[in-house]
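Only one structure is covered here, and it is reproduced in the block below.
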Amino acid sequence: MPELPEVETIRAYIDEKVSGRRIDDIRVCLPRLIKNSSAGDMKKTLIGRTITACSRRGKYLLLHTDGPYSLLIHLRMTGSLIYDAGGGEEIRAQRIVFLLDTGKLIYRDIRTLGCLWLVPSAGLTHIKGYDTLGPDGNSPEFTTAYVYPRLKGTHRRIKSFLLDQTQVAGLGNIYVDEALFRAGIRPSRRCNHISRVTAGRLCDAVHAVLAEGLAHGGTTIRNFVGGSGREGNNQDYLRVYGREGQPCLVCGTEIRYVKQAGRGTHYCPHCQT
DNA sequence: TAACACCTGTAA
DNA sequence: TTACAGGTGTTA
């Protein structure tokens, strides 16, 4: 469940549930998900510490503690965080479980592609993907003035640019397709062929699709997420993603599906040029 | 920039 | 059986 609106929805929920909770024990069912330390080191470092907050940048979550190290998490394709107050039904695919002074924080992940890192609570994390993130796509720094010169400087296809987290953080396959539809841009367009005016439309579209996703609590498809509190309903508002073969909501032309950069890509051949 | 790798589950 | 899935890092 991993683009910015979904991760932010989880962040708000986890922040509310676990801030102020102390980590009493950790059950590491799948140690290879911890990328820069052993299960033993993680336990030694985090047990006894109190979680102070949960923050987010791009698609990364950071569980802050009152100790020298905090926990950085990337959910990749199928990761999720669930707070279990106890008494609920059994949760499948539990990979790492933090036993708290009240309840449990469960890292669940079907495909086990997610990553966890122990990082310094202050300063750089030295995790490359995190330290090099561009501005969040819904942040005030993501403006036409920021993005237009970057588009001018590259011959890449626009979809691949928008998926590049060092350029703009938080977009994934769904919201990129949605933003390009709203901006009227083909996913295959070369960045340096996009005018300043069109770049402005794109910037507005990125802000709009992320804001809408957030307002709807994220997009929930394929029932990947179970448990409490995190199913969004933005899937009911998507305009192109997953609508291949159906009529464009603006002009009625059939929405097309192609592979681009290895990703399923949806667009309207009439509205997007 | 494309292919593949990392994984498991589901649908065609 | 095969293709595909909300991601990203490495390799040809």
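Values below: all heavy atoms of this structure, side chains included; hydrogens, waters and symmetry mates excluded. Quick note on labels: first sequence line is chain A, next is B, and so on, each numbered from 1. Every value quoted in this text rests on a predicted model; they were computed, and no experiment measured them.
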Roughly how many Å apart are B:dC7 and C:dT11, using the P atom of each and rounding to a whole number?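 16 Å, rounded to whole Å.
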*Remember a base hit wins even if backbone is also touched, and classify A:Arg263 as base, sugar-phosphate or nothing at under 4.0 Å, heavy atoms.*
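Result for A:Arg263 = base.
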Using a heavy-atom cut-off of 4.0 Å across all strands, would you classify A:Gly262 as base, sugar-phosphate, or nothing?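 No contact.
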[X] vs [N]: side-chain N/O to OP1/OP2 distance below 4.0 Å:
X: A:Gln165; N: C:dG7; result: no
X: A:His74; N: C:dG7; result: no
X: A:Tyr257; N: C:dA3; result: no
X: A:Arg190; N: B:dT1; result: yes
X: A:Lys128; N: C:dT10; result: yes
X: A:Arg32; N: B:dC7; result: yes
X: A:Lys259; N: C:dA5; result: yes

Whole-Å gap separating [atom2] ([N]) and [atom1] ([X]):
X: A:Arg76; N: B:dC6; atom1: CZ; atom2: C1'; answer: 9 Å
X: A:Arg111; N: C:dT8; atom1: CZ; atom2: P; answer: 13 Å
X: A:Leu163; N: C:dT8; atom1: CG; atom2: C1'; answer: 10 Å
X: A:His155; N: B:dT1; atom1: NE2; atom2: C1'; answer: 11 Å
X: A:Leu75; N: B:dT8; atom1: CG; atom2: C1'; answer: 16 Å
X: A:Glu6; N: C:dA5; atom1: CD; atom2: P; answer: 16 Å
X: A:Ile110; N: B:dT10; atom1: CD1; atom2: P; answer: 7 Å
X: A:Asn173; N: C:dT8; atom1: CG; atom2: P; answer: 11 Å

| task | Could you label the plane-to-plane angle of the A:His266 and A:Tyr257 rings as parallel, tilted or perpendicular, counting under 30° as parallel and over 60° as perpendicular? | result |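 If you compare the ring of A:His266 with that of A:Tyr257, the planes turn out perpendicular.
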Parallel under 30°, tilted from 30 to 60°, perpendicular over 60°: which one fits the rings of A:His193 and A:His155?
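If you compare the ring of A:His193 with that of A:His155, the planes turn out perpendicular.
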query: Roughly how far apart are A:His64 NE2 and A:Ile51 CD1, rounded to 0.5 Å?
result: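 If we round to the nearest 0.5 Å, A:His64:NE2 and A:Ile51:CD1 are 11.0 Å apart.
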* Asked: Do the numbers put A:Arg57 on top of the ring of A:Tyr130, so that NZ or CZ is under 6.0 Å from the six-membered ring centre and no more than 45° off the axis?
  ->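 Judged by the rule, A:Arg57 and A:Tyr130 form a cation-pi pair.
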- Query: So what's B:dC7 paired with, Watson-Crick or G-U wobble, going by both distances under 3.5 Å?
  - Reply: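 Partner of B:dC7: none found under 3.5 Å.
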Just by modelled atom types, is the A:Gly218 backbone N or O under 3.5 Å from a matching donor or acceptor in the A:Glu6 side chain?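 Judged by distance alone, no pair lies under 3.5 Å.
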